[in-house]
Structure formats: C-alpha cells, structure tokens
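Report on one structure; see the data block that follows.
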Amino acid sequence: MASPHRVLCLETLSTSITNINVPILGSVTQRAMDIKREIEEGKQKPFKEIIFCHFGDLHAMGQKPCTFLRQVMALCMYPALLDNSEFPEDTKRKARSILQTLENGSVGSYNEFYSWETLPQRIAHFIQRRDGGIPCDPKNVVVSSGATAAIVSVLTMVVNEDEPLRTGIMLSVPQYPVYVDTIMLSAAVKVEYNLDEENGWSLNVDNIRQSLYKARTHCNPKVLCVMNPGNPTGRVESRECIEDVIRLAAEENLLLFVDEVCQENIFGLGATFHSFKKVLFEIGPRYSQQIQLVSVNSVSKGVSGECGLRCGYIEFVNIDPAVFQKLFTLKSFAVPNVIGMLAMDIMMDPPQPADPSYKTFMEVRIMTGHNKGAILLY
C-alpha cells in the first residue's frame, strides 16, 4: 500500500505561517537557554550569566513585583485572606470592589460581564484622567489578552483579501517584530518607513510620506503604525511631532494605530508622554471627528511589568460600532484570563497619597526607573 499523503506538514503550510519568525520564540532565545544550561552544568564561559533583555520581560530582568498589585490579587484569589490583619485596608477595599463585580465572587468564572462592561468602564476612567478630562466612552474600549492579541485582532480586521490591491500596513524601522509577523499572518504588505536617527529616532512625516507614495504603486496602504514611546528606540515623541503625524494621517486617509504600551516607562529628564488621543482632540474637531485612531496598552510594562499575566486594552476612536460586533465575535475565541484582568483593574486605579499602600507603591515606582529591568526612555 502506498504511503498516504500527509495533510499537515511543513510543506503543506501556507507561506503566511512559515514566514512567521517571532524572535521571542526563535533561535536567539533557544541559544541563550542552551548557554544558560551549560553555565549551570559548570561549563566555563567568559561570563557568569545570561541576561534575557531582548523581549522586555521586566520581572525576568530584576524588576520587583508591585506589592499593592500582588496583595489585591491574592485577596481576590483567596477571599478568606480578607480577615488577615497583615493586609492594608486599601488593598482589602480594592479587592472587595473587584469581587462584588465577579460572577459569584469568583476568579474561576468566565466573567464575561466583567470583561465586556465593568473593566472597560474602569479603563475609560483611567484614560479620561490621563488625558486631562477628555471623554472616553467605555463602549469604545475592548479588553484583550495582552498587547500582542490586540495588535493581531485589529490589523487582521483591516486586511481585505477581496480588494484588487493587497492591504499595506506601515511600520517604522527599527520596529517591534510582532508587527512584522502579524502582517505575514494576515497576508498584508509590509510598508516600512525610517525613523529619524539624527533626531533621536523620532517620527518624521517626510519619511513616512515618501514610503507611502512609493508603496501605493503596488499595494493599498491603510494603516500607519506608530509606537510612543518607541520600542526599541526609547523615543518619547514631542507634542509637535504627534500633531504632524495626525495631520498626515488626515491628509492621506490612514487609520492611526498607536502602540502606547510603554507610556509609564518614562524616566528621561524632560521627557513627557502625550497620548495621541489627547493631542488629537486638543487640535480640534476638524481632526478629532475625522481621524480613525486605535491605541493599545497593557500590564506588561510600567510599574506592574506583569508580562506573564497577559492583559491589555484597545481604545477605538471614530470606529463604526458594527465593527465592534465582529471584534467581539473574534474575541470570543480567546477570552482574556481573569487573573490578567485583575492586574489591569488594579493598575487603572493605583493607591493615592492618603492610602496606606501609597508609600510602598511609590517606592516600587521609583525603583522601576533604576533597576536593570527598566526601559529608560528619552
């Protein structure tokens, strides 16, 4: 009998799959793990340890977990600890406020309402405070299983394979590799634009426009992806630069996709974070009513640095509500884990000066800017 044709093997995979090569899971990581094992086995090397600094895992790099966050999570996961006098009262108060919104008060439930209604409301309050009172509608906020899941969900939805020209997605150079792999997976076209190295790796609208016009000869660029603060450059964009990019997006009818995951990791002297949404609304309705803006954030960076908990959010501006229904359908295949959502909830409303945990929280925040796991942004 002739051997049957194998349905699933490397040769039968789509090129959109075989072209994916996320460095986090690639050869660099594997080689580093091999070397670490060799050191542990006593093999002599010209160094004593391997520091895994190539994919932004802050806790692995030495950042200490946020005490307030971990205490509230512990109380939510084991509510019997609410009677323990060793936990500060503000941690208990926060834990109770979360538990009363969970189904049957349990983190073990799916907690769809918490994911779709309660947590988006709390995220919206955070965004509104961050942006100086500019309104944020909770209906425009979607919780995701981390920033990567948010990136994949949104960029995949933009691609339309039924159109005559393939969809182009614009990325900066240098860039964060997840975007490249998402483009490969979605069968879109990568359109690269150079950051301005001589000006501290800032965004440069002339470079963006040059790449855009060139790409329009072979694809249909729809999305301009920017990172503020930049990764891996560490650039914190000026308000003037952000305004220029917004005007460019309006002129060229591009959807702005803004990765703001590192917005709390800013320790450079004189550096100030300006969210794209805040600037968009401050320059007036001519732009704020026209520009389609999508921004993402997560608990993986900042004071929490909780990469392993996998939770993020997406805020949409000027997006058709019908799109949300499709996004919720896609999201149902990967409901965010409740533990990660707890971390997001906690970090949206950190301790205030009058709270018992404020002092230790601020100590962690200050140390975040000094330990070897911090991302120093300028």
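Computed from a prediction, not measured in an experiment: that's the story for all the values here.
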- Less than 4.0 Å between a side-chain N and a carboxylate O, is that true for Arg239 and Glu243? yes
- Just wondering, are more than 12 heavy atoms of other shown residues or ligands nearer than 6.0 Å to CD in Glu161? no
- Message: Under 4.0 Å between a side-chain nitrogen and a carboxylate oxygen: does that hold for Glu89 and Lys92?
- Response: yes
- Message: Does this structure show an ion pair linking Glu251 with Arg247, if we count only N-O contacts that are shorter than 4.0 Å?
- Response: no
- Task: Please say whether more than 12 non-hydrogen atoms of neighbouring residues, nucleotides or ligands are located less than 6.0 Å from NZ in Lys45.
- Result: yes
- Only pairs at least two apart or in different chains count here, so list each side-chain hydrogen bond (donor to acceptor under 3.5 Å, both in side chains) that has a residue in residues 104-114. Tyr114-Asp345
- Residues, nucleotides or ligands: over 12 heavy atoms within 6.0 Å of Met33 CE: no
- Item | Which residues share a side chain to side chain donor-acceptor pair (under 3.5 Å) with Glu315, sequence neighbours left out | Lys277
- Side-chain ion pair, Arg216 and Glu252, N-O less than 4.0 Å: yes
- Query: So do Val189 and Ile183 actually touch side chain to side chain, heavy atoms under 4.5 Å?
  - Reply: no
- Rounded to the nearest 0.5 Å, how far does CZ of Arg286 lie from CD1 of Ile291? 10.5 Å
- Query: If you count the non-hydrogen atoms of other residues, nucleotides and ligands that lie under 6.0 Å from CG in Asp349, is the total more than 12?
  - Reply: yes
- Note on the structure: Between Ile50 and Lys36, the two heavy atoms sitting closest are CG1-N, 4.2 Å
- Query: For His218, does the NE2 atom sit with more than 12 other heavy atoms under 6.0 Å from it, leaving out its own atoms?
  - Reply: yes
- Any luck finding a side-chain donor-acceptor pair between Tyr193 and Gln175 under 3.5 Å? no
- Message: With a sphere of 6.0 Å drawn around CD of Glu198, does it hold more than 12 non-hydrogen atoms of other residues, nucleotides or ligands?
- Response: no
